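It should be emphasised that the depicted structure is a prediction, and the values quoted were computed from it without experimental measurement.
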Amino acid sequence: MLAPDEKFKQLLTTAITPTLRDLLFRKVGLYYFRKRSDNWELLQFQRSWSNTADATRFTINCGIVSFRLARFVLGSVPKMPTPEYNWHYSQRLGFLMPGGQDTWWTLDASTAVDSLGSELSGLIVDLAIPTLDTHVSDEALRDLWLSGRSPGLTDVHRLMYVSVLLRDLGPREQYDSVRSELGVLTRKRPISVMVSEHLQQLSGE
């Protein structure tokens, strides 16, 4: 009988990797990623820190990295998948499912790997990939953030990132408005230094 951690590896090997390989995703560790609209779409299988010898829990993070924003913030586009805290869009698969709740799956002695693999592959293909495709372009990220929504980001980072996209892609009047809103934030500690440096970088490029 396979241990839960071995079942987790089998799940990726026999179900997830083949499904995503057919969709042109590459695999590095527990990350899967592909290039779309000059950006990255990513899926990460995140294991719980509380796993035991008897049970392995995991969740699935869905994300986007904008090459334009990566160059602005980091100076270059990472060659390998970057940790989730560097993603520009991040949403757990459970929140895309009916009911919209954070969902963790458990592998234990009773888990049928084939059945779970089929379930997760279906959820990824039917929910995760279409969501990523919808938001993957810089224009789509700009419009999402202008709506006030920013999965995986604080509101401050939403404004900082959308200001870069508005500067490069327009419309100009909204860029000026977001810059003014960020200017107000520079008077609020402790984020003032970070926002002030961001505004200086915006003006200098």
Distance check, rounded to the nearest 0.5 Å: [X] atom [atom1] versus [Y] atom [atom2]?
X	Y	atom1	atom2	answer
Thr131	Leu96	OG1	CG	4.5 Å
Arg57	Asp108	CZ	CG	11.5 Å
Tyr161	Leu166	OH	CG	15.0 Å
Thr17	Leu11	OG1	CG	9.0 Å
Asn86	Leu69	CG	CG	11.5 Å
Leu165	Gln174	CG	CD	12.0 Å

Please check this pair: side chain of [X] against backbone of [Y], looking for a donor-acceptor N/O pair closer than 3.5 Å.
X	Y	value
Arg92	Thr59	no
Ser177	Glu173	no
Ser118	Asp114	no
Thr13	Lys9	yes

Any link between [X] and [Y] through a network of hydrophobic side chains (Ile, Leu, Val, Met, Phe, Trp, Tyr) touching at under 4.5 Å?
X	Y	value
Trp40	Trp145	no
Met194	Val178	yes
Leu132	Val77	no
Ile124	Trp104	no
Val156	Val184	no

Evaluate Leu153 against His88 for side chain to side chain contact (heavy atoms under 4.5 Å, CB included), listing each step before the verdict.
CA-CA 7 Å; Leu153 298 178; His88 303 116; 5.5 Å; no
Only one of Arg179, Glu181, His198 forms a side chain to side chain donor-acceptor pair (under 3.5 Å) with Ser163, so which one is it?
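Only match with Ser163 under side chain to side chain donor-acceptor pair (under 3.5 Å): His198.
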Please evaluate residues Tyr32 and Ile16 with respect to the criterion side chain to side chain contact (heavy atoms under 4.5 Å, CB included), reporting the C-alpha separation (whole Å), side-chain torsions for both, the decisive distance (0.1 Å), and the verdict.
CA-CA 10 Å; Tyr32 296 86; Ile16 305 304; 3.9 Å; yes
Using side chain to side chain contact (heavy atoms under 4.5 Å, CB included), reason through Phe58 and Leu120 one step at a time and then give a plain yes or no.
CA-CA 12 Å; Phe58 67 93; Leu120 292 178; 3.6 Å; yes
Result block: side-chain N/O donor-acceptor pairs under 3.5 angstrom for residues 18-30, not counting sequence neighbours:
{"unit_1": "Thr19", "atom_1": "OG1", "unit_2": "Ala15", "atom_2": "O", "d": "2.8"}
{"unit_1": "Thr19", "atom_1": "OG1", "unit_2": "Ser121", "atom_2": "OG", "d": "3.2"}
{"unit_1": "Lys27", "atom_1": "NZ", "unit_2": "Gly29", "atom_2": "O", "d": "2.6"}

Below 4.0 angstrom, N of the basic side chain to O of the carboxylate: do Arg158 and Asp155 qualify?
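Judged by the 4.0 Å cut-off on N to carboxylate O distance, Arg158 and Asp155 do form a salt bridge.
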Would you tell me whether Tyr31 and Thr82 have side-chain atoms, one donor and one acceptor, within less than 3.5 Å of each other?
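The criterion, which ignores hydrogens and geometry beyond distance, is not satisfied for Thr82 and Tyr31.
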Review item, side-chain donor-acceptor pairs of residues 41-49, under 3.5 Å, at least two apart:
{"unit_1": "Glu41", "atom_1": "OE1", "unit_2": "Arg34", "atom_2": "NE", "d": "2.8"}
{"unit_1": "Glu41", "atom_1": "OE1", "unit_2": "Arg34", "atom_2": "NH2", "d": "3.1"}
{"unit_1": "Glu41", "atom_1": "OE2", "unit_2": "Asp133", "atom_2": "N", "d": "3.3"}
{"unit_1": "Gln44", "atom_1": "OE1", "unit_2": "Asn61", "atom_2": "ND2", "d": "2.8"}
{"unit_1": "Gln46", "atom_1": "OE1", "unit_2": "Asn61", "atom_2": "ND2", "d": "2.8"}
{"unit_1": "Arg47", "atom_1": "NH1", "unit_2": "Asp5", "atom_2": "OD1", "d": "2.9"}
{"unit_1": "Ser48", "atom_1": "OG", "unit_2": "Ser50", "atom_2": "N", "d": "3.0"}
{"unit_1": "Ser48", "atom_1": "OG", "unit_2": "Ser50", "atom_2": "OG", "d": "2.7"}

Donor-acceptor pairs under 3.5 angstrom involving side-chain atoms of residues 136-144: please list them, not counting sequence neighbours.
{"unit_1": "Ser137", "atom_1": "OG", "unit_2": "Ala140", "atom_2": "N", "d": "3.0"}
{"unit_1": "Asp138", "atom_1": "OD1", "unit_2": "Asn39", "atom_2": "ND2", "d": "3.1"}
{"unit_1": "Asp138", "atom_1": "OD1", "unit_2": "Ser66", "atom_2": "OG", "d": "2.8"}
{"unit_1": "Asp138", "atom_1": "OD2", "unit_2": "Arg68", "atom_2": "NE", "d": "2.9"}
{"unit_1": "Arg142", "atom_1": "NH1", "unit_2": "Gly170", "atom_2": "O", "d": "3.0"}

Below 4.5 Å, heavy atoms only, C-beta onward: do Met97 and Leu127 meet side chain to side chain?
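Yes, close enough: below the 4.5 Å cut-off.
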